[in-house]
Amino acid sequence: MIKITVESDLSTGTETSARADGRAFNELRPLKISAGVLERADGSAYLEMGGNKVLVAVYGPRELHIRHMMQPDKAVLRCRYNMAPFSVDDRKRPGPDRRSVEISKITSEALTPAVFLEKFPRSTIDVFIEVLEAEGGTRCAGITAASVALADAGIPMRDIVVACAAGKSNGQVVMDLSEAEDKEGEADLPIAMMPRTGEITLLQMDGHLTGEEFERAIDLAVEGCMKISEEQKKAIKERYGD
Amino acid sequence: MIKITVESDLSTGTETSARADGRAFNELRPLKISAGVLERADGSAYLEMGGNKVLVAVYGPRELHIRHMMQPDKAVLRCRYNMAPFSVDDRKRPGPDRRSVEISKITSEALTPAVFLEKFPRSTIDVFIEVLEAEGGTRCAGITAASVALADAGIPMRDIVVACAAGKSNGQVVMDLSEAEDKEGEADLPIAMMPRTGEITLLQMDGHLTGEEFERAIDLAVEGCMKISEEQKKAIKERYGD
Amino acid sequence: MIKITVESDLSTGTETSARADGRAFNELRPLKISAGVLERADGSAYLEMGGNKVLVAVYGPRELHIRHMMQPDKAVLRCRYNMAPFSVDDRKRPGPDRRSVEISKITSEALTPAVFLEKFPRSTIDVFIEVLEAEGGTRCAGITAASVALADAGIPMRDIVVACAAGKSNGQVVMDLSEAEDKEGEADLPIAMMPRTGEITLLQMDGHLTGEEFERAIDLAVEGCMKISEEQKKAIKERYGD
Amino acid sequence: MVSIIPEITRESVVYLIKEGKRADGRAFDEYREVSLETGVINKAEGSAKVKLGNTQLVVGAKTQIAEPFSDTPKMGVLMTNSELLPMAAPNFEPGPPDENSVELSRVTDRCIREGKVVDLEKLCIIEGKKVWMIFLDIHVLDYDGNLQDAAVLGAVAALMNTKVPTATVENDEVILDHEKMIPLPFNEKALMCTFAKIGDELVLDPSLEEEEIMDARISIGMRADGSICAMQKGGKKPITRDEILKAVNIAKNKTEELRKYLE
Amino acid sequence: MVSIIPEITRESVVYLIKEGKRADGRAFDEYREVSLETGVINKAEGSAKVKLGNTQLVVGAKTQIAEPFSDTPKMGVLMTNSELLPMAAPNFEPGPPDENSVELSRVTDRCIREGKVVDLEKLCIIEGKKVWMIFLDIHVLDYDGNLQDAAVLGAVAALMNTKVPTATVENDEVILDHEKMIPLPFNEKALMCTFAKIGDELVLDPSLEEEEIMDARISIGMRADGSICAMQKGGKKPITRDEILKAVNIAKNKTEELRKYLE
Amino acid sequence: MVSIIPEITRESVVYLIKEGKRADGRAFDEYREVSLETGVINKAEGSAKVKLGNTQLVVGAKTQIAEPFSDTPKMGVLMTNSELLPMAAPNFEPGPPDENSVELSRVTDRCIREGKVVDLEKLCIIEGKKVWMIFLDIHVLDYDGNLQDAAVLGAVAALMNTKVPTATVENDEVILDHEKMIPLPFNEKALMCTFAKIGDELVLDPSLEEEEIMDARISIGMRADGSICAMQKGGKKPITRDEILKAVNIAKNKTEELRKYLE
């Protein structure tokens with residue numbers, strides 16, 4: 001079980017001023033989520049977090065035409081994470097690169113545990129994540145928005161998966177690294193989780209953390225997830241009422 | 001209805017000397033069409049017009065193996081417009097580029113209205129256009145030759161589609177732009193049509209034309225089409241007799 | 001019928017010192033073959049010859065999923081010759097190039113005559129040749145190792161195909177060119193054969209040979225094949241006993 | 001990309017058109033609701049978001065310094081690209097641009113290039129060596145018909161919104177002053193109007209439903225003075241000369257109407 | 001790449017694990033037999049062959065002089081690539097790297113890069129112009145589970161085995177002395193440990209059979225001092241915080257154990 | 001590319017051959033009608049059109065100034081490419097060259113390169129920096145068997161037909177004089193003869209029908225002096241040493257015969 005009452009354990013009251021954008025060590029960037037923003041898609045969501053702008057569309061459950069991918073007893077959940085050419089400082093060439101192939105794979109693995117795929121044998125649920133503007137943490141933003149889009153599409157789920165990173169910047173373990181903090185920082189630890197059970201569905205890390213720092217970082221990322229989870233619920237409620 | 005008696009309206013008797021190659025404003029480049037020039041293809045045609053050399057092969061109607069393209073109630077007419085690497089001043093890399101993809105699409109749309117596709121459900125008619133040498137106006141040359149190759153293949157048709165461009169060069173609206181006129185010119189307007197009804201099956205324009213110039217250009221292109229149409233008929237007659 | 005008693009005809013006793021690595025004109029580079037070196041593959045072999053290191057895996061007979069390649073009355077034997085990026089002086093980009101496409105094709109044709117493909121209709125036998133290190137003569141090394149791997153996989157065969165090159169270097173017709181001899185040499189003639197009947201299943205040549213030199217070279221290549229054939233048999237015997 | 005339209009839909013749309021009506025109640029020469037927002041992507045040097053009814057796309061402009069093409073050594077370079085994202089419609093597939101996407105970007109490019117929207121000659125920094133290169137990326141998010149007019153409107157708006165740093169040349173080196181950002185040299189607001197031919201009628205700004213059953217399509221690109229800079233006929237059925245001339249006529253007022261969104 | 005596991009295999013593996021046993025008799029925290037050989041490819045500047053049970057791969061390092069990336073003008077370049085050769089398993093297909101291959105090379109790259117295995121800054125020859133570029137190619141020959149730990153072990157061993165000629169600069173030109181070969185500037189032996197979660201247990205170094213039925217996978221990259229440099233969770237089921245922390249704990253001893261093969 | 005031949009066709013062709021006859025009445029060592037025309041493409045620096053019976057192809061040569069390969073700094077560059085156009089046969093598919101097309105262009109390239117048809121060393125302009133690069137594109141229009149001999153004949157003819165501007169060097173810059181066009185430095189008319197083995201016989205210049213049922217194929221490239229410059233065995237059945245030597249013997253006269261078309 002995850003304890004969400006980590007804040008008081010970690011906060012020493014002095015770290016808050018150390019971040020370039022003035023945030024407290026456990027403060028998220030400004031966050032906005034809306035559900036149901038596209039006409040054609042079965043479900044959709046739009047998310048802004050700091051300078052990130054992410055749009056997600058969900059199609060399905062629908063027939064899967066690629067036979068060798070078909071599962072006789074359940075649906076396949078496929079993700080495509082894509083960055084718009086104009087989303088980054090130097091124009092990105094269109095089409096998948098190795099980074100987006102990896103993120104697509106782990107995003108699919110992050111969402112899969114929450115979806116009742118066994119209800120839709122031989123079919124596919126397709127999640128298209130478009131990063132319209134990137135400012136650090138787009139994979140987490142994509143997963144968070146994708147869950148809302150899946151809910152908007154009426155896909156039955158065990159839980160609304162949510163994602164947030166923690167990391168180390170300027171010697172300090174902090175929540176939700178900005179692009180600048182990620183580039184200069186010592187470590188980045190994005191996670192995704194199912195808030196009800198606290199189970200973790202995505203975890204990556206790169207950088208330099210001691211065992212103790214890692215433990216603080218993971219707890220901080222979980223804390224971030226729990227906060228973002230509230231915003232997801234609001235967005236879904238706003239769309240459908242209670 | 002198209003009136004073909006435009007010549008007298010437009011000709012002022014002074015423009016004829018203004019073209020670099022000495023042609024009158026409503027004069028085509030020298031044109032030669034032969035049908036039945038290939039052994040393996042079901043139908044074929046070879047066309048020379050000015051410096052253009054274009055070869056077309058038709059296969060079909062034949063079975064369509066790509067299931068998602070198949071039409072239950074008619075044939076699909078597919079075109080592939082391709083330029084030989086040695087057909088242009090600077091060697092062209094083999095394989096389709098964006099220009100040839102667009103031309104292939106509009107060529108298919110230009111020919112489709114004339115063919116009784118409904119006679120061949122679930123099949124394909126494949127038109128392969130090879131530009132062996134290019135000197136301005138290859139898309140029109142390809143369409144014109146393709147119609148003859150379709151006739152040579154015995155494909156039942158409502159009409160023999162024919163194509164010709166008009167344009168503006170040196171301030172003058174002229175028929176059938178050469179490569180030099182196209183490059184330096186102010187506008188290019190290729191069209192394809194069915195001569196019997198006068199209906200237009202392809203139309204593109206780029207450049208700068210007033211509404212009045214546009215109207216003159218379209219009529220001049222139609223006039224060119226009607227002249228070329230005679231050559232198509234001759235080529236078919238030569239191949240099969242009356 | 002091939003006569004294998006060519007050695008005494010050709011050897012004049014003076015050429016032996018002319019090769020950079022001190023070999024006699026009809027001497028092979030040091031050779032080592034082992035069968036059964038991989039766990040997952042149905043059959044495998046590893047070969048070192050001079051500086052060449054080649055690994056081969058065989059899968060099959062197994063179901064062929066690509067319908068248009070399927071043969072109703074026999075198996076298809078597919079080969080993939082591939083060079084590791086680190087196998088050559090300048091790193092090779094991964095993936096097939098034109099050279100490896102050609103070698104894959106002729107390797108498949110070199111092995112096909114020896115295999116009882118008609119015993120396995122509608123299926124495929126896949127031969128994967130990996131050149132881990134290349135030092136001249138890798139296509140022959142690959143074919144020689146592939147035959148051992150096919151035997152290791154228990155594929156029924158008429159004969160164990162074997163390959164060896166002869167060539168001309170420093171004005172002398174010699175057996176089994178090294179990389180240096182191939183680069184500087186006047187001609188290269190790789191062959192593959194079935195030792196029992198002497199029939200030739202692969203033959204290529206490039207360079208400059210008179211008719212008489214060509215005849216000597218082919219006989220020398222055959223002689224090399226016969227020697228290598230003994231090593232193949234030893235490797236198979238070592239793996240399975242008599 | 002094949003989409004099967006029930007025969008009944010086709011019949012009902014055609015029937016309505018014959019009666020002089022459209023399914024969504026518009027007049028034949030009426031655009032759906034247009035919404036245009038610029039500067040929507042901070043990391044792009046210029047950007048615009050267009051909604052045309054439910055059709056939605058974003059155009060982003062990225063600029064960089066590059067070599068000119070050898071046959072136009074004094075001109076900046078404009079590259080127009082479009083992606084029909086798989087998110088935008090159930091039948092759009094991921095992968096390299098298909099023929100529809102290629103046509104969309106090439107026709108948009110022609111309208112902008114031939115309409116002289118940007119003065120490419122003023123984008124030359126050192127002749128034959130250094131020019132500004134502008135990438136226009138049309139990102140289609142939601143597809144409900146008539147991408148063409150939306151793409152051109154968005155592209156022109158994005159170009160009007162684009163700023164580049166002042167470039168000066170010292171000793172053959174280009175020095176960029178990011179403090180002094182200047183707009184692109186802007187010439188013309190060339191825009192495009194697209195009509196669907198359905199039966200004997202031309203309807204402006206076809207919806208997806210109308211596109212799916214239309215006989216032919218005609219797009220007309222026009223400058224502010226009413227001269228024509230680009231045209232493209234589409235669709236598997238023919239169109240007549242008179243229909244084309246009629247479309248050109250209507251396009252004059254309608255591009256003018258669209259042009260107001262650029263003010 | 002889908003491989004269908006008979007339900008009975010799954011059940012028997014899971015049952016054994018519940019009983020505290022593994023099919024091959026190993027303890028939960030025990031590696032299969034490890035074999036490491038370096039310098040196996042003479043034409044590569046560095047190379048290593050790793051066997052982990054029946055899993056087998058070769059890593060080759062090729063070096064060349066290249067331009068640095070514009071955002072890291074003082075640093076050498078490391079490129080890590082992997083190929084899951086069709087020879088290595090019946091379900092591996094020829095063609096460009098699939099998502100599993102991409103993940104393998106990217107996670108290996110992160111462990112080596114973030115673990116500062118090689119001091120890339122010392123690979124700069126002329127700032128902004130000439131640096132050493134190292135291509136690490138992971139060539140998977142036989143696949144019987146846990147490619148990740150084998151890949152990192154092989155990559156680190158190949159880098160330790162790599163020699164480059166001494167590079168000196170005269171008049172802005174790089175002169176290479178192939179007589180004086182020197183090893184790469186080596187920092188750290190960062191290695192990786194991978195666990196499969198099966199039911200409620202974590203098992204180290206999963207075999208293919210275990211990978212095929214595992215719930216989730218967690219890989220942990222560690223420096224010699226026990227600090228963490230990389231992690232990657234895989235698999236279609238979740239893992240708990242406590243399981244992760246437990247894996248980190250075990251990884252300390254186990255990467256230490258692997259590190260002995262590098263001596 | 002699989003083409004199913006009715007068993008009855010196979011039997012009748014084989015039976016005829018056994019009887020010493022061919023379906024089209026030719027002798028075993030007889031070419032079909034050869035037609036060769038050069039200078040057929042004005043925009044190519046050299047070109048040739050070859051007909052061998054109903055087989056038809058065009059070869060175009062394009063030249064440009066380029067850097068030499070680093071291992072041959074004093075030599076011009078020859079690139080040979082071929083396309084089996086989908087127009088040429090019902091089973092040819094659009095797309096990148098398949099193995100048959102790759103073999104055709106590589107064997108043609110070897111015959112021309114090893115036969116020293118063009119003196120590539122004389123195509124060097126500035127050592128290590130500027131050389132002539134020749135692209136030979138073999139465009140197959142109609143496929144009725146034996147592309148190989150037609151391709152080599154067309155390639156040699158196109159090279160003999162090729163002219164480049166005189167290139168002089170002033171201050172390390174290449175100056176081209178398009179007024180003074182000169183032919184390529186031409187050495188040798190190396191040509192190729194191809195035989196199909198059918199049963200116990202070798203037949204020259206196999207037609208499509210013969211190719212489809214042949215056991216094996218052998219192509220022999222020869223210089224005017226009768227020395228061999230290239231060979232390639234094809235097909236899924238073996239061939240004997242004596243058959244090869246016999247083919248070499250016949251090829252001497254037959255390449256000589258073909259060579260007359262080049263005069």
- Any chance you could measure F:Arg110, atom CZ, to F:Gln232, atom CD, to the nearest 0.5 Å?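 F:Arg110 CZ to F:Gln232 CD: 5.0 Å, rounded to 0.5 Å.
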Test item: [X] side-chain N/O and [Y] main-chain N/O as donor-acceptor pair under 3.5 Å:
{"X": "C:Asp206", "Y": "F:Ala230", "value": "no"}
{"X": "F:Thr108", "Y": "F:Leu104", "value": "yes"}
{"X": "C:Arg158", "Y": "C:Val115", "value": "yes"}
{"X": "F:Glu211", "Y": "F:Ala196", "value": "no"}

Measuring heavy-atom distances to chain C, does [X] have an atom under 4.5 Å in its side chain, in its backbone, in both, or in neither?
{"X": "F:Lys236", "result": "both"}
{"X": "F:Arg223", "result": "side chain"}
{"X": "F:Ile228", "result": "both"}
{"X": "F:Ile220", "result": "neither"}
{"X": "F:Asn249", "result": "neither"}

- Is any side-chain heavy atom of F:Leu159 closer than 4.5 Å to a side-chain heavy atom of F:Leu136?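 Side chain of F:Leu159 against side chain of F:Leu136, heavy atoms only: contact under 4.5 Å found.
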- Message: Quick check for you: among C:Gly211, C:Pro113, C:Ala192, C:Ala110, which has the greatest number of heavy-atom pairs under 4.5 Å with chain F?
- Response: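 Most heavy-atom pairs within the cutoff with chain F belong to C:Pro113.
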- Parallel, tilted or perpendicular: which describes the rings of C:Tyr59 and C:Phe128, with under 30° parallel and over 60° perpendicular?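 Because their plane-to-plane angle is over 60°, the rings of C:Tyr59 and C:Phe128 count as perpendicular.
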- Message: Test of understanding: with side chain to side chain donor-acceptor pair (under 3.5 Å), list the residues that count as partners of F:Lys62, not counting sequence neighbours.
- Response: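 Per chain and number, F:Lys62 pairs via side chain to side chain donor-acceptor pair (under 3.5 Å) with no residue.
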- Task: Please identify each residue that fulfils side chain to side chain donor-acceptor pair (under 3.5 Å) with C:Asp176, with sequence neighbours left out.
- Result: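 For C:Asp176 the side chain to side chain donor-acceptor pair (under 3.5 Å) partners, ignoring immediate neighbours, are C:Arg23, C:Arg29.
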- Under 4.5 Å, heavy atom to heavy atom: which of residues 74-92 of chain C reach chain F? Give them by number, or say none.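 When heavy atoms of chain F are the reference, residues 74-92 of chain C contributes no residue within the under-4.5 Å range.
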- Query: So which bits of residues 95-108 of chain C come within less than 4.5 Å of chain F, counting non-hydrogen atoms only?
  - Reply: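 Under the 4.5 Å heavy-atom cut-off, C:Arg98, C:Arg99, C:Val101, C:Glu102, C:Lys105, C:Ile106, C:Ser108 qualify.
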- Per the salt bridge (Lys or Arg N to Asp or Glu O under 4.0 Å) rule, which among F:Glu212, F:Glu210, F:Glu103, F:Glu243 passes with F:Arg217?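 Looking at F:Glu212, F:Glu210, F:Glu103, F:Glu243, the match for F:Arg217 under the salt bridge (Lys or Arg N to Asp or Glu O under 4.0 Å) is F:Glu103.
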- Does a donor on one side chain and an acceptor on the other come within less than 3.5 Å for C:Thr124 and C:Asp126?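 Looking only at side-chain atoms, C:Asp126 and C:Thr124 do form a donor-acceptor pair, the distance falling under 3.5 Å.
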- Going by atom types alone, do F:Thr80 and F:Ser105 pair a side-chain donor with an acceptor below 3.5 Å?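 No, no side-chain donor-acceptor contact under 3.5 Å.
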